[in-house]
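Source: prediction; values computed, not measured.
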Amino acid sequence: MINKTLFLTYVYLFIYILLSSGVILYNKWVLSPKYFNFPFPITLTMIHMGFSGVVAFFLVRVFKVVSPVKMTFEIYATCVVPISAFFASSLWFGNTAYLHISVAFIQMLKALMPVATFLMAVLCGTDKARCDVFLNMLLVSVGVVVSSYGEIHFNIVGTVYQVTGIFAEALRLVLTQVLLQKKGLTLNPITSLYYIAPCSFVFLFVPWYLLEKPVMEVSQIQFNFWTFFSNAICALALNFSIFLVIGRTGAVTIRVAGVLKDWILIALSTVIFPESTITGLNIIGYAIALCGVVMYNYIKVKDVRASQLPIESIPDRITKDWKFEKKSSDIYVPDNISDNEGSSGGNGTASDINIDEEAPLIPSRLSHIGRTQLSNHAIGK
């Protein structure tokens, strides 16, 4: 008879993979001129931000599910505003890429996320340049280049949009660590939505007004309330599904689930969108990049475990690195449960973060074989 806790963990992982894949495919279907034909990525992202902000407002202020953090004007101006700006940029560029390149190729390009995050962390001084990590990043980059070379419908505009969005998201992750940790501020998914979503909505309004509003006024727009409402619901649900997953598993499980999700998504996209053709060179390049990502994850997990174990116990535990048992310290503790941990901020670096690009509004402090940081993507991408 299967253990109930283990069963629930698998259920949460299944829901996470299902929602993450569903949100990406749903957004592609909505934006693609060949299907729903709503080629306005900024508008779609603003709908997500507005919906999430309203839901978070009701949860915080009306139903009081969680308490708001102590947010001063100085913290909001110096922390939330710049983080929201890069968050809005990553969503804008990432969603625009759907208009030009396939879902499968986008997932392959997303293998660059560890490279971008590591580079931004080194530039901002939150991580150190290391030869072993650099070689892994080089391997990932070579794999992405090979995969791009093998792309039949390669589009330079879509590729630039996607890569720019990846680097914007990487910079947001680093800023989250640098700015919020120094202020001792910890945000859970609901409070993240409450503070960041409205601000991101405002930032998106400017490019929307200049780029999409004039076009929307002279074109026939297909707008279906239930389509956009269900799309926003899925994006919001993904954020909370990841919150449930990280409360029950460690970083290794999340990383493995993320890799599995990418492979499933690439396969599904070729079935749902027949124009998405995968070549042998695509697969070879992505496999090379994936090897680099897996090796990078292994190095970072070993670093985190070594930093948390007493020095004298390291030799005994090295032989057991393959076995990651869940401890009580692996569970994320929201602000409103433990005030004592509100300023601890975790001991990982931004380059340690395993990010689901579709759920960027995940709390800045949660499980990572102990305590480290993870951010989120479902919203908007």
Linked, directly or transitively: Ile196 and Val202 (ILVMFWY side chains, under 4.5 Å): no
Closest non-hydrogen atoms of Ile24 and Lys110, given as atom of the first, atom of the second and distance, are CD1-NZ, 4.2 Å
Discussion item. Using ring pair (Phe, Tyr, Trp, His ring centres under 6.0 Å), reason through Phe154 and Tyr149 one step at a time and then give a plain yes or no.
Written reply: CA-CA 8 Å; Phe154 181 81; Tyr149 184 77; 9.5 Å; no
CG of Asn155 to CD of Gln162, rounded to nearest 0.5 Å, is 12.0 Å
Is a side-chain N or O of Thr279 found less than 3.5 angstrom from the main chain of Asn282, in a donor-acceptor match? yes
In the structure I gave you, are the side-chain heavy atoms of Pro41 and Glu212 within less than 4.5 Å of one another anywhere?
yes
Under the 3.5 angstrom rule, does the side chain of Ser32 hit a backbone N or O of Trp29 as a donor-acceptor pair?
no
Q) Less than 6.0 Å separating the ring centroids of Phe118 and Phe134? A) no
Quiz prompt | Asp262 and Leu290: CA distance, side-chain angles, deciding distance, side-chain contact (heavy atoms from CB on, under 4.5 Å) verdict | solution = CA-CA 10 Å; Asp262 289 341; Leu290 197 59; 5.8 Å; no
Rounded to the nearest 0.5 angstrom, the OG1-CZ distance for Thr78 and Phe73 is 9.5 Å
Test side-chain contact (heavy atoms from CB on, under 4.5 Å), reference Val103, set Ile272, Leu265, Leu268, Ile266, output is Leu265
Under 3.5 Å donor-acceptor, Ser89 side chain and Ala85 backbone = yes
What one should report as the nearest heavy-atom pair of Ser276 and Ser102 is OG-CB, 3.3 Å
Across all chains, not counting sequence neighbours, the side-chain hydrogen bond (donor to acceptor under 3.5 Å, both in side chains) partners of Ser230 are Tyr26
Under the side-chain contact (heavy atoms from CB on, under 4.5 Å) criterion, do Phe40 and Trp208 qualify, and how do the steps go? CA-CA 9 Å; Phe40 303 104; Trp208 173 81; over 6 Å; no
Student check: side-chain heavy atoms of Tyr296 and Val140 closer than 4.5 Å:
no
Scanning both residues in full, the closest heavy-atom pair of Val122 with Ala129 reads CG2-N, 4.1 Å
Are the side chain of Ser20 and the backbone of Tyr16 linked by a donor-acceptor contact shorter than 3.5 Å? no
Please confirm whether the backbone N or O of Ile17 pairs with a side-chain atom of Lys261, one donor and one acceptor, at under 3.5 Å? no
Q. Going hydrophobic residue to hydrophobic residue with side-chain gaps under 4.5 angstrom, can you get from Val69 over to Val66?
A. yes
Review point. Looking at side-chain heavy atoms only, is the closest gap between Trp92 and Thr45 below 4.5 Å?
Key: no
With sequence neighbours left out, the residues meeting salt bridge (charged side-chain N to carboxylate O under 4.0 Å, His left out) with Arg130 are Asp132, Asp303
Heavy-atom closest pair (Thr277 atom, His153 atom, distance to 0.1 Å) is OG1-NE2, 4.2 Å
Determine, step by step, whether Leu109 and Ser148 satisfy the side-chain contact (heavy atoms from CB on, under 4.5 Å) criterion, reporting the C-alpha distance in whole Å, the side-chain angles of both residues, the deciding distance to 0.1 Å, and the verdict.
CA-CA 8 Å; Leu109 289 176; Ser148 301; 3.9 Å; yes
Please report whether the ring centroid of Tyr35 lies less than 6.0 Å from that of Phe273. yes
What one should report as the nearest heavy-atom pair of Leu31 and Leu99 is O-CD2, 3.3 Å
Heavy-atom closest pair (Val144 atom, Ala111 atom, distance to 0.1 Å) is CG2-CB, 4.2 Å
